Protein chains: 2
Amino acid sequence: MPKRALTPELIAATALELGDRDGDPAMSMRRIAAELGCDPMAIYRHFANREALLDAVADLALAGVAAPGPDLRWDQRLSELLTEVRGAALRHPGIAAHVAARPPLGANGRRLSAAITGALADAGLTPSGVVQSTQALIAYVAAALAMTVKAGARDERWHRVSAVLGAGMPVVGSEEQFAYGLRLMINGIRGEAAGGGQGSVHSPIRE
Amino acid sequence: MPKRALTPELIAATALELGDRDGDPAMSMRRIAAELGCDPMAIYRHFANREALLDAVADLALAGVAAPGPDLRWDQRLSELLTEVRGAALRHPGIAAHVAARPPLGANGRRLSAAITGALADAGLTPSGVVQSTQALIAYVAAALAMTVKAGARDERWHRVSAVLGAGMPVVGSEEQFAYGLRLMINGIRGEAAGGGQGSVHSPIRE
DNA sequence: ACCTGAACACCGTTCAAGT
DNA sequence: ACCTGAACACCGTTCAAGT
């Protein structure tokens with residue numbers, strides 16, 4: 001097989017493939033290099049360090065996620081988009097934890113963040129509310145994703161949480177659980193947009 | 001200095017101290033052993049592996065957090081408790097990321113989880129809602145914590161997110177940002193308890 | 001000037017050898 | 001039976017030596 005010229009794109013795609021196939025410990029500089037048939041140091045020509053490479057791989061994992069069209073209501077757009085982000089990350093189990101752990105600064109991350117802020121602006125939040133809600137939603141998706149990843153594989157510890165909290169309940173990390181929490185956030189945002197202004201931390205909508 | 005007898009408690013306390021002082025890469029089996037003046041393998045007498053040790057250390061970091069008294073309203077109890085959990089974790093920067101990354105299965109974690117479920121039960125949620133909301137809240141706190149930890153140190157990448165999302169806004173990982181997201185969740189829970197039952201994902205309280 | 005790969009300074013964990 | 005520490009199989013990254 002002819003050795004293709006090394007590019008950032010090829011390196012990231014190879015790392016993603018390797019992670020999908022053999023799990024995230026397979027995404028070491030050495031093993032990625034071996035898969036590419038090059039010296040480990042050759043990768044450092046294209047990425048400053050492992051962190052930078054994983055940023056690119058994490059962003060690549062979100063490439064397939066499309067922002068929902070503007071014909072949907074803001075809350076539907078949000079829940080569809082974030083559910084798809086979660087799904088896309090889970091389709092790449094090797095990098096999912098990294099997607100959850102790092103800020104969405106890549107091309108796809110910025111594109112999807114912009115879609116979130118767009119939906120929130122349509123919800124009628126203040127500019128400050130838009131930014132803060134975006135960050136809160138990203139935080140929630142990241143955490144739910146991290147939980148799902150940990151609950152998967154053979155790490156049964158998160159399953160024990162379900163046992164501790166209550167029997168017969170939706171399993172930690174399930175899509176059901178994700179949707180529930182997302183609904184809480186969106187309902188909270190709706191309340192914020194409708195009534196509550198700045199200092200409503202302890203003032204309920206109705207007592 | 002006389003070498004104290006090795007116990008799980010002493011090992012965990014030493015690891016926590018080491019993490020506080022020199023950051024989380026200092027919490028390696030080898031360096032903890034060096035600090036204790038023992039062979040690295042001696043730790044494996046008391047913990048199955050590094051994961052198990054970090055579980056204990058993460059739980060220890062939450063030892064000082066007290067569950068708020070029952071004289072407060074459920075929503076105040078929640079926001080006080082979760083704010084204190086975040087604060088306690090941040091006081092131990094070495095282990096904060098691990099607190100965020102693992103399920104609250106230690107003694108303190110279970111104690112605090114129970115306090116959350118107690119508050120949510122008082123809010124009037126269904127048993128299933130209590131469990132799912134608990135998990136969603138834990139997810140949110142974990143993620144906000146992880147963001148704050150990453151935003152600190154010299155990882156300026158999360159700060160760039162603020163720049164991307166909008167200028168002059170509360171910084172990612174700030175207490176302000178944390179409180180805002182927490183308010184969203186609590187308001188969402190209030191809505192869930194008051195009106196919305198099972199399938200209200202797309203049915204707003206008011207249109 | 002560019003690239004390679006040996007070497008450095010680490011890891012977590014296994015396991016054989018010592019007491 | 002218990003404990004020690006050498007050894008295994010790795011890391012990410014630096015840097016000197018080669019072309």
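Worth saying up front: this structure is predicted, and the values here are computed from it rather than measured. A, B, ... follow the sequence lines: proteins, then strands. Residue 1 opens every chain.
The shortest side-chain heavy-atom distance between Arg110(B) and Asp59(B) does not fall under the 4.5 Å cut-off.
Taking only side-chain nitrogens and oxygens, Arg45(A) comes nearer than 4.0 Å to OP1 or OP2 of dC3(C).
The shortest non-hydrogen separation linking Gly94(A) to Asp24(A) is O-CB, 2.8 Å.
In this structure, the OH atom of Tyr44(A) is 16 Å from the P atom of dG5(C), given to the nearest Å. When the C1' atom of dG12(D) is taken as reference, atom CG of Leu54(A) falls 12 Å away, rounded to whole Å. Spacing between atom CE of Met29(B) and atom C1' of dC10(D) amounts to 17 Å, rounded to whole angstrom units. With rounding to whole Å, Arg50(A) atom CZ is found 13 Å from dC11(C) atom C1'. The nearest whole Å value for the distance from the NE2 atom in His46(A) to the P atom in dT4(C) is 11 Å. When the P atom of dG12(D) is taken as reference, atom CZ of Phe47(A) falls 15 Å away, rounded to whole Å. Computed from coordinates, the Glu51(B) CD to dG12(C) P distance equals 12 Å when rounded to whole Å. Distance Ile43(A) CD1 to dG5(C) P: 14 Å, rounded to the nearest Å.
For dT14(D) and dG12(C), the C1' atoms lie 23 Å apart once the distance is rounded to whole Å. Rounded to a whole angstrom, the distance from the P atom of dA9(D) to that of dC10(C) is 22 Å.
Nearest-nucleotide positions on DNA chain C place Ala42(A) closer to the 5' end than the other of Arg30(A) and Ala42(A).
Distance from the side chain of Arg31(A) is smallest for dC11(D) among the nucleotides dT13(D), dC11(D), dT13(C). Each of dT4(C), dG5(D), dG12(D) was ranked by its minimum atom distance to the side chain of Asp39(A); first place goes to dT4(C).
Remark: dT19(D) base-pairs with dA1(C); criterion is Watson-Crick or G-U wobble with both hydrogen-bond distances under 3.5 Å. As the counterpart of dT13(D), dA7(C) is assigned, both hydrogen-bonding distances of the Watson-Crick or G-U wobble pattern falling under 3.5 Å.
Tyr180(A) and Ser133(B) form a side-chain donor-acceptor contact under 3.5 Å, judged by distance and modelled atom types alone.
Between the side chain of His46(B) and the main chain of Leu6(B), a donor-acceptor pair closer than 3.5 Å is present.
Nucleic acid contact class of Met41(A) (heavy atoms, under 4.0 Å, all strands): base.
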Stepwise salt bridge (Lys or Arg N to Asp or Glu O under 4.0 Å) check, Asp122(B) with Arg77(B): CA-CA 10 Å; Asp122(B) 291 351; Arg77(B) 253 183 292 158; 2.8 Å; yes

